[in-house]
Novice: 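Have a look at this one before I ask anything.
On a predicted model such as this, the values are computed, not experimentally measured, just so you know. Every heavy atom of this structure was used, including side-chain atoms; hydrogens, water molecules and symmetry mates were not.
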Amino acid sequence: MEAKYKLLMAEKPSVAQDIAVVIGATKRYKGYFEGNGYRVTWAVGHLVGLAEPDAYGFVSQDEMYGDKSQVAYDELPLIPDEFKLVVLEPTKDQFQIVKNLIHSPDVNEIINCGDMGAEGHILQWLIREKAGCNKKVWRFCATSMTEEAIRHAMANLRPEEEFANIIKGEFCKKKADWIMGMSMSRVESIKYHTGINVGRVQSPTLYFVVKRYLEVQKFKVTNYYGMTTDLLEGFSVLWSKDVDGIFSEAAKDSENRVLDKVTVEAKCRNIEAERVGTVLEVEKKKRGLDRPQLYDITELQRDANRRFGYTAALTLATAQALYETQKVLSYPRTDSRYITTDLKEYLPYRIKAIGTVGAKYQEVVEKILSFGLNIDKKIFDDSKVTDHHALIVTERIENFDMNSMKPTDKEYSDGVTEESMRNILDLVLCRMLVAMCKPYVYEQTAVTVKFGDTTFSASGKKPIDFGWTAIQNSLLGKEWGEEEPEEELGQIFPELQNGQSVSVKTCRVVSKKTTPPKLHTEATLLTAMENAGATVEGGAILKGKGIGTQATRAEIIKKLFDSGYCEAQQKGKTNYIIPTAKGLTIIRVLPPELYSPKITADWETKIAKIVEGKMTECEFMDEFCSFIHAKVQEVKAAETGITFKRERQVYGKCPFCGGEVYRYQAKGEKKIKFYCGEKSCPFSIDTDNPTVSTWTGKKLTEKQCLQIVIKKFIILDCRKKGKEGTYKGKFSPIKKQVGDKVFTNLICELVKPSTTKNRLN
């Protein structure tokens with residue numbers, strides 16, 4: 001049969017629909033569009049992944065802690081001779097549709113419309129590889145889904161072979177991630193008898209949290225002293241460190257901060273006695289502070305965390321909802337803060353449309369348009385857009401009612417609320433408007449004044465044009481975050497000349513303290529992940545990328561909490577991140593190379609060589625496998641003496657056997673249980689005890705459970721059957737056997753009035 005169709009494969013349904021509309025594939029079928037000689041289908045997230053260990057004959061994940069734990073330990077590292085691809089269960093139906101379309105006799109060639117980034121290339125290749133595609137493949141190259149961009153990409157298809165080396169490099173990365181994660185997680189988990197997840201991105205992220213936490217714990221406050229001199233001419237100058245060497249070394253620390261208050265007080269008295277100083281230099285410069293760029297997802301996550309306390313995962317889920325169900329936001333999982341030039345003509349209309357959303361925006365839009373939109377290379381740059389452009393609103397924003405948004409049940413389950421949708425959309429709208437504004441322009445004055453052998457300085461800013469800062473303050477209120485020192489903002493200087501004499505009014509000591517670094521928040525942790533390359537040798541290749549991706553960082557941080565490696569510590573309105581005891585111990589037992597961002601830098605350097613044809617896949621994998629062999633043996637041979645077992649608090653003696661009683665509460669559950677630590681003893685009492693609920697109509701409290709442990713009974717008010725009123729009942733634990741199972745039961749006995757004086761409260 002003569003082929004009639006070209007099959008376009010997109011990464012997600014929304015992109016497939018955008019393309020289908022432009023190329024005329026208007027008929028909708030299950031899993032694809034068709035028309036005008038085209039079929040357009042899509043992936044739904046990942047359709048294909050790498051097989052689990054048992055597919056290669058290794059011990060399965062479920063069996064590695066049981067009778068086969070020694071076998072699992074001995075077979076490490078896990079390095080398959082050849083990796084197997086598997087269809088992922090949640091998306092198997094869509095994979096089958098794609099596979100059938102690939103092999104349809106009506107289709108003679110494939111057009112890969114996946115995202116343009118490296119991850120987009122490999123995801124589409126995995127699907128085609130698993131489906132057994134042997135047809136000609138072309139590459140659709142577009143970074144936005146405007147009609148013009150789609151038509152241009154369709155008119156300029158490129159052979160898929162041009163991207164073969166990118167795919168080779170990314171497949172090496174996926175195989176290495178699998179080997180490292182499976183091998184190192186298993187060797188650590190089996191050796192230390194606890195679940196330990198090791199990952200190229202997760203482990204360094206945990207290390208960032210641990211490192212900052214330890215820095216704060218070890219920090220010692222240092223008191224030091226500076227000086228401020230008020231002048232009769234109407235301004236003040238400051239002195240903070242001894243850079244001129246006027247004080248003895250014994251009075252200073254290694255950073256030239258003076259620690260002896262008496263010495264500084266003496267210097268103040270000398271300056272006041274001299275009464276006159278000389279202006280060494282007056283420097284005035286006109287400076288500009290450009291407006292912030294459009295959002296990528298990481299910057300949006302940072303601002304949402306600072307302003308609303310939202311987790312990175314919640315911000316991503318909310319942005320996804322605004323994209324998928326509300327359709328007012330562009331694709332959120334983007335790492336670019338630029339727009340492609342094909343969108344340039346549409347931008348003024350989008351800005352005008354924002355003005356229709358509400359009075360808050362209308363006034364600002366009118367003001368910005370009257371000044372003229374500041375559209376330059378900080379907004380548009382095709383070379384800095386790979387997969388997707390910056391976050392902007394779609395054409396549906398016109399007359400959009402922000403109060404009409406309702407999350408779906410799935411979105412609610414992800415934590416998305418009406419409020420989070422309004423707040424995240426508001427941030428994007430405000431950032432779009434601010435990004436169109438002119439710079440903040442000010443005059444900066446720097447003054448240095450010498451009193452004898454001591455040089456003081458001062459600086460101040462005089463606004464000339466508030467530019468974008470006025471718009472941002474109008475939209476969001478005063479800028480959140482760190483404030484500039486007041487003396488650098490508000491001080492206005494008289495007319496001064498070099499060499500001019502000035503008169504001392506007062507000179508006084510300023511007491512200061514060193515401050516510890518702040519614990520990480522999700523906002524600062526995202527920044528640390530993004531800037532990870534700056535901390536390691538050879539990390540320049542990670543500039544602008546960091547570790548993880550825009551799409552995965554939120555999930556990685558969430559996993560640290562879900563795995564029990566980190567927890568939140570609230571101070572005021574801010575949620576800081578601290579490591580748990582387990583998180584701290586994991587970093588102690590891991591080889592340092594595994595929690596350093598350097599491993600990602602090294603991989604990216606080698607993958608770049610694969611892309612350039614200067615390194616082969618075999619060379620990469622051989623070097624990596626040698627590294628993993630060495631790290632596995634290092635862990636096996638290490639005699640750390642470290643244990644993950646914690647001393648449990650004992651709450652009393654068991655009423656049955658006299659053993660130690662412990663407390664247990666599952667994460668996220670309200671029920672609290674007290675149980676005997678002796679395995680053969682059945683004693684256990686919890687707050688949901690059905691006997692107590694039946695007799696009293698209430699649940700036990702934690703305190704009441706503990707009373708049963710300590711006193712071996714408790715007296716409670718019981719309800720009279722069919723009558724009003726209550727009576728006293730004494731509840732005591734007994735052993736009860738049903739079949740072969742022995743468990744704890746409570747019996748209730750009537751308490752005579754004379755004994756109620758002994759009632760426990």
Side-chain angles (χ1 to χ4, degrees), residues 11-12 14-15 18 115-117 120 142-146 149 291-308 310-344 346-351 353-354 357 361 373 375 378-382 384-398 400 402 405 411 416 420-437 468 472 475-476 522-523 526-527 530 544-545 549-554:
E11 193 159 313
K12 55 193 74 70
S14 60
V15 173
D18 289 339
D115 289 348
M116 280 300 295
T143 54
S144 68
M145 287 296 112
T146 63
R291 77 281 194 201
Q293 290 180 276
L294 296 167
Y295 279 130
D296 61 11
I297 188 60
T298 301
E299 184 68 7
L300 179 63
Q301 288 167 323
R302 274 194 287 261
D303 276 0
N305 181 256
R306 285 194 290 256
R307 190 168 178 83
F308 306 113
Y310 292 165
T311 65
L314 173 57
T315 299
L316 179 58
T318 302
Q320 196 71 23
L322 293 170
Y323 163 70
E324 287 184 357
T325 58
Q326 304 301 321
K327 302 188 185 302
V328 291
L329 194 62
S330 61
Y331 185 68
R333 297 170 187 261
T334 175
D335 63 355
S336 179
R337 304 186 69 181
Y338 296 86
I339 298 177
T340 47
T341 51
D342 60 286
L343 287 168
K344 192 169 186 176
Y346 302 104
L347 194 57
Y349 298 102
R350 297 283 169 86
I351 297 299
I354 292 173
V357 176
Y361 309 106
L373 297 181
I375 300 177
K378 196 164 185 176
I379 303 293
F380 293 97
D381 192 335
D382 291 349
K384 294 181 179 177
V385 181
T386 52
D387 295 20
H388 300 282
H389 59 66
L391 274 167
I392 60 172
V393 291
T394 68
E395 68 278 3
R396 294 199 179 197
I397 198 65
E398 187 166 3
F400 186 74
M402 293 177 70
M405 295 185 289
E411 291 163 356
V416 179
S420 74
M421 294 172 89
R422 287 193 299 270
N423 287 338
I424 296 301
L425 182 54
D426 178 61
L427 282 179
V428 175
L429 292 173
C430 292
R431 178 54 62 89
M432 283 186 68
L433 296 177
V434 170
M436 300 299 121
C437 295
W468 64 268
Q472 180 159 277
L475 290 167
L476 296 171
E522 287 211 18
L526 286 166
T527 301
E530 194 172 47
K545 294 189 294 185
T549 66
Q550 312 288 18
T552 61
R553 286 177 188 145

Novice: List the residues meeting side chain to side chain contact (heavy atoms under 4.5 Å, CB included) with Glu324, not counting sequence neighbours, and say none if there are none.
Specialist: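 Here the qualifying residues are Gln320.
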Novice: Distance check, rounded to the nearest 0.5 Å: Gln293 atom CD versus Ile379 atom CD1?
Specialist: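 Answer for the CD-CD1 pair, Gln293 versus Ile379, is 7.5 Å.
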Novice: Between Ile351 and Leu433, is any pair of side-chain heavy atoms under 4.5 Å apart?
Specialist: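 Yes, side chains in contact.
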Novice: A side-chain contact here means heavy atoms from C-beta on lying under 4.5 Å apart; do Pro348 and Leu373 qualify?
Specialist: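 Side chain of Pro348 against side chain of Leu373, heavy atoms only: contact under 4.5 Å found.
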Novice: Restricting to non-hydrogen atoms, name the atom on Ala142 and the atom on Met116 that form the minimum distance, rounded to 0.1 Å.
Specialist: O-CG, 3.6 Å
Novice: Working note: Met405 + Leu425, criterion side-chain contact (heavy atoms from CB on, under 4.5 Å); need CA distance, chi angles, decisive distance, verdict.
Specialist: CA-CA 11 Å; Met405 295 185 289; Leu425 182 54; 4.2 Å; yes
Novice: Provide the closest heavy-atom pair for Asp426 versus Met402 in the form atom of the first, atom of the second, distance.
Specialist: N-CE, 4.0 Å
Novice: Hey, what do you get for CZ (Arg307) to CD1 (Ile424), rounding to the nearest 0.5 Å?
Specialist: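 It is 11.0 Å, given to the nearest 0.5 Å.
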Novice: Quick one, Ile339 and Lys344 - any side-chain contact, counting heavy atoms below 4.5 Å?
Specialist: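 The answer is no; the side chains never approach within 4.5 Å.
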Novice: Measure the shortest side-chain to side-chain distance between Tyr361 and Leu475 over non-hydrogen atoms and say whether it is less than 4.5 angstrom.
Specialist: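 Yes, at least one pair of side-chain atoms sits under 4.5 Å.
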Novice: Between Val357 and Phe400, what is the shortest heavy-atom contact and its length?
Specialist: CG1-O, 3.7 Å
Novice: Can any side-chain N or O of Arg291 pair as donor or acceptor with the backbone N or O of Ala435 at less than 3.5 Å?
Specialist: yes
Novice: For Leu347 versus Ile375, what's the shortest heavy-atom pair and its separation?
Specialist: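 Nearest pair, atom of Leu347 first, then Ile375: CD2-CD1, 4.1 Å.
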Novice: Quick one: side chain to side chain contact (heavy atoms under 4.5 Å, CB included) partners of Asp335, sequence neighbours excluded?
Specialist: Thr386, Gln550
Novice: Classify the angle between the aromatic ring planes of His388 and Tyr331 as parallel (below 30°), tilted (30 to 60°) or perpendicular (above 60°).
Specialist: tilted
Novice: Identify which one of Thr315, Asn423, Thr318, Asp303 satisfies the side-chain hydrogen bond (donor to acceptor under 3.5 Å, both in side chains) criterion when paired with Tyr310.
Specialist: Asn423
Novice: How long is the span from the CZ atom in Arg431 to the CG atom in Leu476, to the nearest 0.5 Å?
Specialist: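 With rounding to 0.5 Å, CZ (Arg431) is 8.5 Å from CG (Leu476).
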Novice: Could you tell me which non-hydrogen atom of Thr394 sits nearest to which non-hydrogen atom of Ser330, and how far apart they are?
Specialist: CG2-N, 4.0 Å
Novice: Can a donor-acceptor pair be found, under 3.5 Å and without considering hydrogens, that links the side chain of Arg350 to the backbone of Val393?
Specialist: yes
Novice: Could you check whether any side-chain N or O of Thr325 sits under 3.5 Å from a backbone N or O of Ala321, counting only pairs where one atom can act as donor and the other as acceptor?
Specialist: yes
Novice: I'd like to know whether NZ of Lys327 has more than 12 heavy-atom contacts from other residues, nucleotides or ligands below 6.0 angstrom.
Specialist: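 Yes.
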Novice: Starting at CD of Glu11, measure out to CZ of Arg333 and round the result to the nearest 0.5 Å.
Specialist: 10.5 Å
Novice: Measure from the side-chain N and O atoms of Asp115 to the backbone N and O of Gly120, and report whether any donor-acceptor pair falls under 3.5 Å.
Specialist: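 Such a contact is absent between Asp115 side chain and Gly120 backbone.
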Novice: What I'd like to find out is whether the side chain of Trp468 reaches to under 4.5 Å of the side chain of Pro292, using heavy atoms alone.
Specialist: yes
Novice: Could you check His389 against Leu294 for side-chain contact (heavy atoms from CB on, under 4.5 Å), going step by step and ending with a plain yes or no?
Specialist: CA-CA 10 Å; His389 59 66; Leu294 296 167; over 6 Å; no
Novice: Any chance you could measure Thr334, atom OG1, to Asp296, atom CG, to the nearest 0.5 Å?
Specialist: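 It comes to 6.5 Å.
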Novice: Quick one: OG1 on Thr549 to CD1 on Ile297, what's the gap to the nearest 0.5 Å?
Specialist: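 Going from OG1 on Thr549 over to CD1 on Ile297, the span is 11.0 Å.
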Novice: Please report the closest heavy-atom contact between Ala312 and Gln301, naming both atoms and the distance.
Specialist: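 Heavy-atom minimum between the residues: O-NE2, 3.1 Å.
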